[in-house]
Novice: 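Right, I'll just put the structure down here and ask away after.
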Number of protein chains: 2
Amino acid sequence: MNTSRSTETVSTALAVLRSHGLRVSTSRRLVLEALFAAGVPVTADRIATGLDGRLPPLDVASVYRNLDTLEQLGVVRHLHPGRGPGLFALAGSDRAEYLVCDRCGQVRAIDASLLDPVRAALQETTAWDARFSRFPIVGTCPACAAR
Amino acid sequence: MNTSRSTETVSTALAVLRSHGLRVSTSRRLVLEALFAAGVPVTADRIATGLDGRLPPLDVASVYRNLDTLEQLGVVRHLHPGRGPGLFALAGSDRAEYLVCDRCGQVRAIDASLLDPVRAALQETTAWDARFSRFPIVGTCPACAAR
DNA sequence: ATACTTGCAAATGATTTGCCAGTGT
DNA sequence: ACACTGGCAAATCATTTGCAAGTAT
């Protein structure tokens with residue numbers, strides 16, 4: 001259920017690599033598999049440790065290099081939370097954006113279409129083509145807001 | 001025209017410090033003056049150099065410590081651009097958000113009220129209290145989009 | 001065979017921390 | 001006087017880079 005789907009998407013990503021004349025190496029495959037297996041945005045370090053041992057380890061430097069390559073191909077998304085290391089996730093075909101709580105660090109995904117009105121408004125007033133995909137939206141989750 | 005206004009706001013900020021039992025030290029005053037004088041979001045390093053010599057220099061460590069204190073008091077805003085060092089600005093009473101171009105790095109301020117509809121939508125669908133003030137909104141400016 | 005990739009180690013950039021001397025209240 | 005602060009130097013954290021050895025095509 002998870003395997004077939006992730007395999008499908010991993011091979012799709014690998015095809016993108018090939019179509020750009022880049023090599024399909026073991027570490028690139030592993031980086032993608034880790035992202036699939038994780039399911040949520042993760043740090044480069046966790047990918048390097050194979051999600052804490054679930055997959056073979058890689059050198060962090062290679063992870064960063066590969067994530068960078070994959071990001072440029074549009075396969076991977078790079079998120080900057082307020083504090084700590086950056087997070088990486090598969091871009092896939094999802095239209096998700098993330099909310100991160102500035103008190104407990106909890107991450108929550110929302111449908112990107114929620115932001116379409118703002119995108120349109122910004123386009124109209126500033127002529128900028130806004131993307132919200134680089135940063136999570138910082139706020140306070142209900143639980144933290146309660147206390 | 002600029003002096004009176006910034007003095008007014010600096011003293012307001014200093015009053016906040018006092019009301020929290022914190023000291024009004026020379027370096028805290030200087031950090032605030034630098035932020036006022038700059039008028040736009042600046043790095044901790046530029047504050048430490050007194051905006052490149054216009055003001056007395058401070059140690060970066062102190063600048064960071066003070067910015068942190070002032071941020072917690074709600075006097076200073078901390079922005080994370082996509083690349084490079086963090087930027088700091090006075091929170092003041094402004095309702096500004098920032099757009100940053102991911103191609104040329106240009107920064108543009110917009111009125112925060114543009115985002116009110118999204119804030120409301122997010123509140124309704126996720127119960128999160130979203131703030132957009134931590135990160136600039138990344139996108140492409142008209143000029144870069146043209147080429 | 002050749003160029004792309006990797007791992008390792010060292011470098012870099014930004015921010016933080018320990019510690020003792022200095023200073024606002 | 002006393003606790004809060006500042007400067008300086010060293011530490012830390014995240015990420016990048018140089019380079020020789022390894023590998024996909």
Side-chain angles (χ1 to χ4, degrees), chain A residues 10-11 13-34 41-50 55-73 75-88 105 134-135, chain B residues 10-11 13-34 41-50 55-73 75-88 105 134-135:
Chain A
V10 165
S11 50
L14 297 179
V16 174
L17 281 171
R18 286 200 193 83
S19 73
H20 282 261
L22 296 168
R23 293 185 187 168
V24 174
S25 64
T26 307
S27 75
R28 280 192 183 138
R29 205 191 320 266
L30 279 173
V31 166
L32 290 168
E33 305 218 334
V42 289
T43 63
D45 199 64
R46 283 204 71 226
I47 296 172
T49 62
L55 294 170
L58 295 168
D59 191 275
V60 235
S62 304
V63 173
Y64 275 112
R65 273 188 288 232
N66 286 327
L67 286 172
D68 193 57
T69 301
L70 294 167
E71 187 187 356
Q72 297 192 322
L73 297 178
V75 173
V76 161
R77 267 175 61 180
H78 186 179
L79 294 238
H80 277 275
R83 291 246 149 188
L87 299 174
F88 299 85
R134 184 82 108 266
F135 302 113
Chain B
V10 165
S11 49
L14 297 179
V16 175
L17 281 171
R18 285 198 194 86
S19 73
H20 283 260
L22 296 169
R23 292 185 187 168
V24 175
S25 64
T26 308
S27 72
R28 283 193 181 139
R29 204 191 320 265
L30 279 173
V31 166
L32 290 167
E33 305 220 331
V42 289
T43 63
D45 199 65
R46 284 204 70 227
I47 297 173
T49 63
L55 294 170
L58 295 169
D59 190 275
V60 234
S62 303
V63 173
Y64 277 111
R65 272 188 288 233
N66 286 328
L67 286 171
D68 193 57
T69 301
L70 293 166
E71 187 187 356
Q72 298 193 320
L73 297 179
V75 172
V76 160
R77 265 175 63 180
H78 186 180
L79 293 237
H80 278 274
R83 293 243 147 191
L87 300 175
F88 298 85
R134 184 82 111 268
F135 301 113

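To find a chain, count down the sequence lines: A is the first, B the second, and so on, and within it residues start at 1.
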Novice: Which residues pass the salt bridge (Lys or Arg N to Asp or Glu O under 4.0 Å) test with A:Arg46, sequence neighbours left out?
Specialist: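 In terms of salt bridge (Lys or Arg N to Asp or Glu O under 4.0 Å), with neighbours along the sequence ignored, A:Arg46 is linked to A:Asp52.
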Novice: When every nucleotide of nucleotides 18-25 of chain C is labelled 5' to 3' by its protein contacts under 4.0 Å (heavy atoms), B for base, S for sugar-phosphate only, - for none, what sequence of letters results?
Specialist: B----BBS
Novice: Check the distance between C:dG7's C1' and A:Leu30's CG and give it to me in whole angstrom.
Specialist: 14 Å
Novice: Would you call B:Leu73 and B:Leu22 a side-chain contact if the rule is heavy atoms closer than 4.5 Å?
Specialist: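 Heavy-atom side-chain distance check passes, below 4.5 Å.
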Novice: Measure NE2/B:His20 against C1'/D:dA3 and give the value in whole Å, please.
Specialist: 19 Å
Novice: Counting C-beta onward and ignoring hydrogens, is there a side-chain heavy-atom pair between B:Leu67 and B:His78 closer than 4.5 Å?
Specialist: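 Not touching, per the 4.5 Å side-chain cut-off.
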Novice: For B:His80 and D:dA14, what is the distance between atoms NE2 and P respectively, to the nearest whole Å?
Specialist: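 Atom-to-atom, B:His80 to D:dA14, this comes out as 13 Å.
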Novice: Between C:dA14 atom P and B:Ile47 atom CD1, what is the distance in whole Å?
Specialist: 14 Å
Novice: Taking C-beta and beyond as the side chain, do B:Leu17 and B:Leu70 meet within less than 4.5 Å on heavy atoms?
Specialist: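 Answer yes - side chains close enough.
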Novice: Name all stems that contain residues of DNA chain C, defined as runs of 3 or more consecutive Watson-Crick or G-U wobble pairs, both distances under 3.5 Å.
Specialist: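 As far as DNA chain C goes, consecutive pairing (with distances under 3.5 Å) yields the stems C:1-10 with D:16-25, C:12-14 with D:12-14, C:16-25 with D:1-10.
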Novice: Check A:Leu32 against A:Ala13 and note the closest heavy-atom contact, atom names and distance.
Specialist: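 Distance-wise, the nearest heavy atoms are CD1-CB, 3.7 Å.
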Novice: Separation of A:Phe88 atom CZ from D:dA14 atom P, in whole Å?
Specialist: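 In whole Å, D:dA14 P lies 12 Å from A:Phe88 CZ.
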Novice: Within this structure, what is the CZ-to-P distance between B:Arg46 and C:dA14, rounded to whole angstrom?
Specialist: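 About 14 Å, once rounded to whole Å.
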Novice: Could you check how far CG of A:Leu14 sits from P of C:dT5, rounded to whole Å?
Specialist: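 One finds 13 Å between P of C:dT5 and CG of A:Leu14, rounded.
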Novice: In sequence, state the C-alpha distance, the side-chain angles, and the governing distance for A:Ile47 and A:Leu55, and then conclude on side chain to side chain contact (heavy atoms under 4.5 Å, CB included).
Specialist: CA-CA 9 Å; A:Ile47 296 172; A:Leu55 294 170; over 6 Å; no
Novice: Counting the atoms with a prime plus P, OP1 and OP2 as sugar-phosphate, which does B:Asn66 contact under 4.0 Å by heavy atoms, base, sugar-phosphate, or nothing?
Specialist: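 Touches sugar-phosphate only.
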Novice: Is the closest side-chain heavy-atom distance between A:Thr43 and A:Leu87 below 4.5 Å?
Specialist: yes
Novice: What is the separation between atom CG on B:Leu17 and atom C1' on D:dC4, rounded to the nearest whole Å?
Specialist: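 Nearest whole value for this atom pair: 12 Å.
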Novice: As an exercise, state the distance from CG of B:Leu58 to CZ of B:Arg65, rounded to the nearest 0.5 Å.
Specialist: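 Result: 11.5 Å between the selected atoms.
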Novice: Describe the nucleic acid contact of B:Gly21 in one word from base, sugar-phosphate, nothing, applying a heavy-atom distance below 4.0 Å.
Specialist: nothing
Novice: Compare every heavy atom of A:Ser19 with every heavy atom of A:Val16, then report the nearest pair and how far apart it is.
Specialist: O-OG, 2.8 Å
